[in-house]
Amino acid sequence: MTVDDEEVRHIASLARVDLDEEETELFAEQFADILDHFEALEEVPEVEREAELANVMRPDEVHDGLSQEEALQNAPETEDGFFKGPKVS
């Protein structure tokens, strides 16, 4: 399957990635290879579905959690009893 440069530029714009012409050509080849692999999966024969599985999850158990002081003891920075992280703009 072929992927043209316009499709690669469109995908790059959706991902907010700037690509130069060389990178666009490289990604077009890589996308084509990926799509070829998906096409190969179409050739895998379907198999009979196995019987329904029973739920093997265990029931939830309530346990005491950490106190606020214990939770914050390894934090690099805290403020007024809360984790303090970097500002996000």
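Quantities reported herein were computed from a predicted structural model and do not represent experimental measurements.
Residues forming a salt bridge (charged side-chain N to carboxylate O under 4.0 Å, His left out) with Arg49 (at least two apart in sequence, or on another chain): Glu52. Residues meeting the salt bridge (charged side-chain N to carboxylate O under 4.0 Å, His left out) test with Glu79, sequence neighbours left out: Lys84.
More than 12 heavy atoms of other shown residues, nucleotides or ligands fall within 6.0 angstrom of atom CG in Asp20.
Between Arg9 and Leu19, the closest side-chain pair of non-hydrogen atoms is not below 4.5 Å.
One hydrophobic cluster, built from ILVMFWY side chains closer than 4.5 Å, holds both Val17 and Val3.
Across all their heavy atoms, Asp5 and Glu21 have their closest contact at OD2-OE2, 3.3 Å. What you find for Phe31 and Ile11 is that their closest heavy atoms are CE1-CD1, 4.1 Å.
Summarising the geometry, atom CG belonging to Asn74 is positioned 9.0 Å from atom CZ belonging to Phe83; distances are rounded to the nearest 0.5 Å. Atom OG1 of Thr24 and atom CG of Asp18 lie 10.0 Å apart (nearest 0.5 Å). Atom-to-atom distance recorded for Asp60:CG and Arg58:CZ is 6.5 Å, nearest 0.5 angstrom. For the atom pair CD1 (Ile34) and CZ (Phe27), the distance works out to 9.5 Å, reported to the nearest 0.5 Å.
With hydrogens and angles disregarded, no donor-acceptor distance shorter than 3.5 Å links the side chain of Glu42 to the backbone of Glu39. Side-chain atoms of Glu29 do not come within 3.5 Å of backbone N or O of Leu26 as any donor-acceptor pair.
For residues 63-73, the side chain to side chain donor-acceptor pair (under 3.5 Å) pairs, not counting sequence neighbours, are Ser67-Glu70.
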